[in-house]
Enquirer: 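Got a structure for you, questions after.
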Number of protein chains: 2
Amino acid sequence: MQLEEAKLQFIQAWGKLGSEWGINRTMAQVHALLLITPGALTTEEIMETLAISRGNANMTLRDLMGWGLVEKQHRLGERKEYFFADKDTWNIARQVAKERRKRELDPVIKILDELSSKVEGDTNDPAYETFTKTVKDINKLAKNVDKSLETMIKAEENWFWGSILKIFK
Amino acid sequence: MQLEEAKLQFIQAWGKLGSEWGINRTMAQVHALLLITPGALTTEEIMETLAISRGNANMTLRDLMGWGLVEKQHRLGERKEYFFADKDTWNIARQVAKERRKRELDPVIKILDELSSKVEGDTNDPAYETFTKTVKDINKLAKNVDKSLETMIKAEENWFWGSILKIFK
DNA sequence: TTTTATTTTCAATAAATATTGAAAGTTTAA
DNA sequence: TTAAACTTTCAATATTTATTGAAAATAAAA
C-alpha cells in the first residue's frame, strides 16, 4: 500500500472511531492528520488535505487546543500560525481521560450524589427501594471509574501499564 | 425531593451521559427507566412514561436486548410482552464493554494492523517514519485497552476491582 | 495612517441521526 | 376461518449536530 493511501485510511478510521465515541468526526480527523505529519501544518494545509472550510478548520483547531491535544507554533518572520499535535500516545490517552472525566463524568456523579441523598420515600415501597438501590450502585461504579481515571491521569506510563498488566497475573 | 421528580432527573442524566458517549439518548433513557423499575414494563407503559412512539419504543427495546442489557418476559394468560433490565451494575458495565469492544475497537485494531504492516516507503522519508511510528504506537495502545477490556469481561467483580484498587497501592 | 494578511465569528445551510405513525405482519383465541 | 391483540417495519418527517462562507475583527507591515 502507498503512503498517501494509508494516510487517508488512517484518518478515516480515526474519524469513525471518534464519532462512535461522541467525538466530532472532523475533530478526530484533524487530530489524526496532525499525528501522522512530521512537522506542523497551517490552517490552509489542513483545509486542503481534509477538504473542509476555513471556519470548520479554525473551530476544530481551537477545540483540539482546548482538549490539550494540539498546540500553536509561530515562526520567525511569518505571520500565519502552524499547528502540531503531541504524538505521545500515553499523553493523548491521559489528556482525553482527563477532559472527559471533567466534562462528562464528574457532572453526572454530582447528580447521582444528590439523588442518593435527597430523595424522600417509604422503605416499604418497592419503587422507592429499587430506585435508591440502583442509584447507589451506579454511583458506586461511577466513583470507581472516576478514581481509576484519576490514577491514570496522575500516573507515569510504565508504572500504570505495569499495574494493569499485573491484573493478568 | 419527591420520588417521581428524582426518577425523571435520573432518566435525564443517564440519557445525557449516553448521548455524550455515542449511545442513542432514547436507548439510554429506556434503560434507565427499566433500571429503576422494580418489575417489568410493557411497551405501552414505556411509551407513556417517556412520551415516545410505539415504533421508537419497539426498536429501542430490541436494541437493548441486542446489547444484552434487557430481557423479555412472558406472563401466563397474557399476550403482551414485558421487559426488564439486569440491575447488576457490574454485569451492565461488562456487557457494555464487551459490545463496544466487538463493534468498535476490534475493527479499528484490524485496520491498524494492516496499516502497520502493509505500507511501503523509504526509511529516510520523515513522512513515512512519522506515519509508521504513530500507527504502531496507537496500535499498541489500542491493544493494551483491548486486553484490559477482555480481562474485565472475563473477571468477577470482586477480583477485578480488587486488582484495580491495588493500583492505588 | 492605510493596506494587507490572517484569524475569528456566527447566521444560514447542509448533513446526519432519531422519531413518528400508519400499514403490514404475526400470533392466539373465538 | 375470522377477528382481535399485539409487534414489527420503514418511508416520511422532525430534530439535532456539523459545516459553510462571507463579513467583522485583529494584527503586522507599508
Side-chain angles (χ1 to χ4, degrees), chain A residues 11-34 40-67 70-84 100 103-104, chain B residues 11-34 40-67 70-84 100 103-104:
Chain A
I11 290 167
Q12 285 291 111
W14 214 237
K16 182 152 179 275
L17 188 66
S19 70
E20 285 166 344
W21 285 81
I23 284 152
N24 180 308
R25 204 184 79 249
T26 301
M27 186 166 142
Q29 288 183 337
V30 171
H31 188 221
L33 172 59
L34 291 173
L41 296 177
T42 61
T43 303
E44 211 74 36
E45 290 168 315
I46 292 164
M47 285 165 61
E48 200 179 328
T49 311
L50 301 178
I52 61 175
S53 72
R54 185 174 303 284
N56 194 6
N58 182 271
M59 288 177 117
T60 299
L61 284 165
R62 278 189 304 120
D63 273 359
L64 282 168
M65 288 189 289
W67 280 71
V70 164
E71 285 177 53
K72 258 188 207 175
Q73 197 179 68
H74 286 282
R75 290 190 183 174
L76 277 170
E78 281 200 65
R79 210 143 137 205
K80 56 173 167 282
E81 298 169 327
Y82 287 78
F83 300 90
F84 68 99
R100 300 207 80 158
R103 297 176 190 205
E104 296 146 15
Chain B
I11 290 167
Q12 285 291 113
W14 213 236
K16 183 153 177 274
L17 188 67
S19 70
E20 285 165 345
W21 286 81
I23 284 152
N24 181 307
R25 206 183 79 248
T26 301
M27 187 166 141
Q29 288 183 337
V30 171
H31 188 221
L33 172 60
L34 291 174
L41 296 176
T42 61
T43 304
E44 210 74 36
E45 290 167 316
I46 292 164
M47 286 165 59
E48 199 178 331
T49 310
L50 301 178
I52 61 175
S53 70
R54 184 174 304 285
N56 196 4
N58 181 271
M59 287 177 119
T60 299
L61 285 166
R62 279 189 303 122
D63 272 359
L64 282 168
M65 289 189 287
W67 279 71
V70 164
E71 284 177 56
K72 256 187 210 178
Q73 198 179 66
H74 286 281
R75 291 191 183 174
L76 275 172
E78 283 201 63
R79 205 136 141 212
K80 56 173 166 282
E81 297 169 329
Y82 286 77
F83 300 90
F84 67 99
R100 299 205 80 159
R103 296 177 192 208
E104 296 146 14

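Below, all heavy atoms of this structure are taken into account, side chains as well, without hydrogens, waters or symmetry copies. It should be emphasised that the depicted structure is a prediction, and the values quoted were computed from it without experimental measurement. The chains referred to below are lettered A, B, ... by the order of the sequence lines, with proteins before strands, and numbering in each begins at 1.
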Enquirer: Kindly say whether, by distance alone, the side chain of A:Arg79 makes a donor-acceptor pair under 3.5 Å with the base of D:dA27?
Expert: yes

Enquirer: Between D:dC6 atom P and B:Glu44 atom CD, what is the distance in whole Å?
Expert: 8 Å

Enquirer: Answer with yes or no whether the side chains of B:Gln29 and B:Thr26 bring together a donor and an acceptor at under 3.5 Å.
Expert: no

Enquirer: Picking from C:dG21, C:dA18, D:dT7, which would you name as closest to the side chain of B:Asn24?
Expert: C:dA18

Enquirer: Return whichever of A:Arg25 or A:Lys80 has its heavy-atom-nearest nucleotide of DNA chain C closer to the 5' end.
Expert: A:Lys80

Enquirer: Without decimals, in angstroms, what is the distance between B:Asn58 CG and C:dA18 P?
Expert: 17 Å

Enquirer: Assess whether one donor atom and one acceptor atom, taken from the side chain of B:Arg54 and the base of D:dT8, lie less than 3.5 Å apart.
Expert: no

Enquirer: Phosphate oxygens OP1/OP2 of C:dT20: is one of them under 4.0 Å from a side-chain N or O of B:Asn56?
Expert: yes

Enquirer: Please report, rounded to the nearest Å, how far the P atom of C:dT6 is from the CD atom of A:Gln73.
Expert: 16 Å

Enquirer: Nearest heavy atom decides the nucleotide; on that basis, is A:Glu81 or A:Ser19 closer to the 5' end of DNA chain C?
Expert: A:Glu81

Enquirer: For A:Ile52 and C:dA15, what is the distance between atoms CD1 and C1' respectively, to the nearest whole Å?
Expert: 15 Å

Enquirer: May I have the distance from B:Met59 (atom CE) to C:dG21 (atom P), rounded to whole angstrom?
Expert: 15 Å

Enquirer: Would you kindly give the NE2-to-C1' distance between B:His74 and C:dT27, to the nearest whole Å?
Expert: 11 Å

Enquirer: Once rounded to the nearest 0.5 Å, what's the spacing between atom CE of A:Met65 and atom CD of A:Glu71?
Expert: 9.5 Å

Enquirer: Whole Å only: how far is the CG atom of A:Leu50 from the P atom of D:dT19?
Expert: 11 Å

Enquirer: Can you name the closest pair of heavy atoms from A:Gly15 and A:Ala28 and give their distance?
Expert: CA-CB, 3.8 Å

Enquirer: Counting only side-chain nitrogens and oxygens, does B:Thr26 get under 4.0 Å of the OP1 or OP2 atom of C:dT19?
Expert: yes

Enquirer: Rounded to the nearest Å, what distance is computed from the CG atom of residue B:Leu61 to the P atom of nucleotide D:dC6?
Expert: 16 Å

Enquirer: Using a cut-off of 4.0 Å on non-hydrogen atoms, how would the nucleic acid contact of A:Arg62 be classed: base, sugar-phosphate, or nothing?
Expert: sugar-phosphate

Enquirer: Please find the pair of heavy atoms, one from A:Thr43 and one from A:Ala57, that lie closest to each other, and give the distance.
Expert: CG2-CB, 3.8 Å

Enquirer: As an exercise, state the distance from CZ of A:Arg62 to CZ of A:Phe83, rounded to the nearest 0.5 Å.
Expert: 10.0 Å

